[in-house]
There are 4 protein chains.
Amino acid sequence: MPAARPQPAATPAAPRRARRKEARPGELIEAALALFVEKGFAATRVEEVAARAGVSKGTLFLYFPSKEDLFKAVVRENIAGRFPEWDNELAQFTGDSLELVRYAMHTWWERIGMTPASGITKLVMSESGTFPEIANFYQQEVIGPGHALLRRILQRGIDRGEFRELPLDYAVYSLIAPMIFLLMWKHSMTPCCPPSERLDPITFIDTQVDLILRGMLRPRRPV
Amino acid sequence: MPAARPQPAATPAAPRRARRKEARPGELIEAALALFVEKGFAATRVEEVAARAGVSKGTLFLYFPSKEDLFKAVVRENIAGRFPEWDNELAQFTGDSLELVRYAMHTWWERIGMTPASGITKLVMSESGTFPEIANFYQQEVIGPGHALLRRILQRGIDRGEFRELPLDYAVYSLIAPMIFLLMWKHSMTPCCPPSERLDPITFIDTQVDLILRGMLRPRRPV
Amino acid sequence: MPAARPQPAATPAAPRRARRKEARPGELIEAALALFVEKGFAATRVEEVAARAGVSKGTLFLYFPSKEDLFKAVVRENIAGRFPEWDNELAQFTGDSLELVRYAMHTWWERIGMTPASGITKLVMSESGTFPEIANFYQQEVIGPGHALLRRILQRGIDRGEFRELPLDYAVYSLIAPMIFLLMWKHSMTPCCPPSERLDPITFIDTQVDLILRGMLRPRRPV
Amino acid sequence: MPAARPQPAATPAAPRRARRKEARPGELIEAALALFVEKGFAATRVEEVAARAGVSKGTLFLYFPSKEDLFKAVVRENIAGRFPEWDNELAQFTGDSLELVRYAMHTWWERIGMTPASGITKLVMSESGTFPEIANFYQQEVIGPGHALLRRILQRGIDRGEFRELPLDYAVYSLIAPMIFLLMWKHSMTPCCPPSERLDPITFIDTQVDLILRGMLRPRRPV
DNA sequence: TATGAATGAGCCTTCATTCAT
DNA sequence: CATGAATGAAGGCTCATTCAT
């Protein structure tokens, strides 16, 4: 059987020149995310992105004025505007703060870490030299809000007497560091690791959180 | 990897002019490392590398058949295993294992983290998509031995009753993660961070090690 | 050339909406003339023309099969011979031939030179390399009749003993040259001239005509 | 006989990759002048220019950072720096001012008007809309000095009592206008004129100069 | 008829690589 | 060995033109 070729007239949809103004940007961003993450920004050709989104090169430029703007849109689309949702969710959490931290980390993994969106962070860090502007943007749109969110969680634990007094800034980095590491590791080293030695994300997160929480807990005084 | 490396101290420093030819590849690699780290592989022009090394574009190609080969040489040259030296050093350590861990982390920072050598890690992770074989190589030459070294340290702590029983693999990642994070952060986000908000490496390492150690300690039983 | 031109004044101005369809080509040509003159043929985008005419890009192609055809229509439409009218007007002139020449030049300025119609001459000359057939067309439709008209004026002066015997062909060019120069100057150099140094068209024409007439006059013999 | 093909090894010179750094810019400018004049700026491809100069596309960009800069260089090279020579030449003229004017105009024709350099003026005027910057440059580098030069000639004639008192600015335009006209005419209309009707430049210049001079002469008072 | 989303050929420009000197 | 002028393949982007709605 020869390689798959576009069927003559089987499938009902997919006309050549469909007019789908609403759907295009999202499809292009999705395609760009995948390719940027896979090959890096510079090594990805806009024509590839367009092809993957099922449109022509020209169409891409109908929606994004330049390759760099496409990149920015990818970052924006996949991160911005999700913090309000998360802030809200965490504000309503009623359990103890240890549970809250665990919940936050697992949630992050499910919604970002294990999705293609996780590639963005790798992308931004990898290309930060070439696009300082984007690193800057990321800093403000993602790092800042993320930091604030985690800080609020930790403060809650301190206020409720669950955590000891912590130097907040660095405690926040304690939570961020393993997640960033996990991302970088997953996108960089995992593909060339023998499967047996691969880092299991869930286990890693559990281990990290346990370790960190253990270190943050208010010491029980002996009777 | 036989590429020239700064000789120990044998010949009494030949006159600059004469030494030149010998030193060329090293100078090119050094220049390339700096630029690749700063701007990424694709965004660095070979001409820049040559200029920074004080030679012409043509000369670069006299020593490295292609830009890719230059890249590989950069990684190979800078990864050169210093593990035997470290293994030895740590084997002779006589203090308690908490001190040993602290010592190891600070030493790593002084000898790798804060030097330009830290750039190759960033480089390898950033370009792993484009150069899978390099990531593979790095995995075997650096990750593996590093892992083993840390594992030995932790085992020592357990054996001496200083640490509780730990899932070694993941405990090792607990130590690696913040260091990798620190590297990436330093090379990617720091330049576009307002100085006031910058992560201080020493403080970060101290905080992390404290946290981790606290979590790894064998629980003191109350009297 | 049957393309729509502003009708004399027959129908009592149909409502704007209804008139639209009829008027489209004319509006497009008008917009194109302005833009072609201002920016040149190649640098003008059809979308700009359409926008200026208040229609969409697609509509333009409904009336003109290509950008080149639009260009040709612009020239054809604006060249529309008004020579019969002028021939007639000048034939009825009763004053002396000096006055006639002055009158002709000023009239030309008022009806062509200072109006947007002056742009086509610039256009034709500028784009003659790209559109030789247009230059040819212009030659026959405008240059020829214009030449003939001026020649008749000069001949009248000679016949009436007002002008000396002149090499007619070149005397005609003497009258054409400053007008063409004025056009090109106005459209090309004026925008980037400090206002204080700008050529005043009326003064220029007066000066030129005086000079030329002075040179063409039959020398008065001293008493 | 098939179309000419590069001979195997006949002619002695013309190696494939000749290194002729000194000669390149001039050759490229010459090629560009010819093509820009022939086809206009936009319609000329840099690759054509390079090919005509006998080099590859890349080489062109070795000497000129962009197509526009090449254009500027063409203008600069063909006009700038020739005024001092002319100024000097005219300052040493000893004949009467009528002769001087005639001499100036014929000289201009021989050194500019009939050479490819004459195309530049057409080019600048045609593309002034697209490159206001160049029109501006031309205004300052060419129009200004040219104006001053002609003004000096006329002033000389007035000072020596050969010309009557003239409004200098407009008298200068009287001399410029026919030359500019001649240029535009030659480059735009001549190619599509039947040879029999073509304007002969020398005759035209003579006629014009005669006419103008006649108009500028101090009137002889009858005895 | 009118619209404007979609197309894709074409062009400027970059830069790794080659090679005559 | 070293140089740097020359090369040419590759890619971002534009815009005249098409066509589904």
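Chain letters run A, B, ... following the sequence lines, proteins first and then strands; every chain starts at 1.
- Atom CG of A:Asp69 and atom P of F:dT14 are 11 Å apart (whole Å).
- Distance CG (C:Leu70) to P (F:dC15): 16 Å, rounded to an integer number of Å.
- A perpendicular orientation is assigned to the rings of B:Phe41 and B:Phe71, their planes being inclined by more than 60° (bins at 30° and 60°).
- The cationic group of A:Lys72 does not satisfy the cation-pi geometry with A:Phe137, failing either the under 6.0 Å distance to the six-membered ring centre or the 45° limit from the ring axis.
- Neither OP1 nor OP2 of F:dA20 sits under 4.0 Å from any side-chain N or O of A:Arg20.
- In this structure, D:Thr59 does not reach the F:dA5 phosphate: none of its side-chain N or O atoms is under 4.0 Å from OP1 or OP2.
- In this entry the distance linking CZ of A:Phe71 with P of F:dG12 reads 14 Å, nearest Å.
- D:Ser128 pairs by the side chain to side chain contact (heavy atoms under 4.5 Å, CB included) definition with C:Lys122, C:Ser188, D:Ala135, not counting sequence neighbours.
- Surrounding CD of C:Glu30 are at most 12 heavy atoms belonging to other residues, nucleotides or ligands under 6.0 Å away.
- Closest to the C:Arg24 side chain, of the nucleotides F:dG8, F:dT3, E:dA2, is E:dA2.
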**OP:** Report the C-alpha separation of C:Phe131 and C:Val124 in whole Å, then their side-chain angles, then the decisive distance to 0.1 Å, and conclude whether the side chain to side chain contact (heavy atoms under 4.5 Å, CB included) test is met.
**Re:** CA-CA 8 Å; C:Phe131 299 98; C:Val124 170; over 6 Å; no
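- In this structure, the CG atom of D:Leu60 is 15 Å from the P atom of E:dC11, given to the nearest Å.
- Residue D:Glu68 qualifies as enclosed at atom CD: its count of foreign heavy atoms under 6.0 Å is above 12.
- In B:Glu48, the CD atom is crowded: over 12 heavy atoms of neighbouring residues, nucleotides or ligands sit closer than 6.0 Å.
- Both B:Leu62 and A:Phe41 lie close to DNA chain F; mapped to their nearest nucleotides by heavy-atom distance, the more 5′-ward contact belongs to B:Leu62.
- Under 3.5 Å, the side chain of A:Lys57 and the base of E:dG10 form at least one donor-acceptor pair of N or O atoms.
- For D:Ser66, taking side-chain heavy atoms from C-beta onward, the closest of the listed nucleotides E:dA6, F:dG4, E:dT13 is E:dT13.
- Non-hydrogen atoms lying under 4.0 Å from DNA chain F are contributed by nothing in residues 42-53 of chain D.
- Nucleic acid contact for D:Tyr63: sugar-phosphate only, since backbone atoms but no base atoms lie under 4.0 Å from a heavy atom of the residue.
- Atom pair B:Phe61:CZ and E:dA20:C1' shows a separation of 17 Å (rounding to whole Å applied).
- Here F:dA16 sits opposite E:dT7 as a Watson-Crick or G-U wobble pair (both hydrogen-bonding atom distances under 3.5 Å).
- Taking atom NZ of D:Lys67 as the reference point, atom C1' of F:dT14 lies 13 Å away to the nearest angstrom.
- Here F:dC13 presents its C1' atom at 15 Å from CZ of A:Phe64, a figure rounded to the nearest Å.
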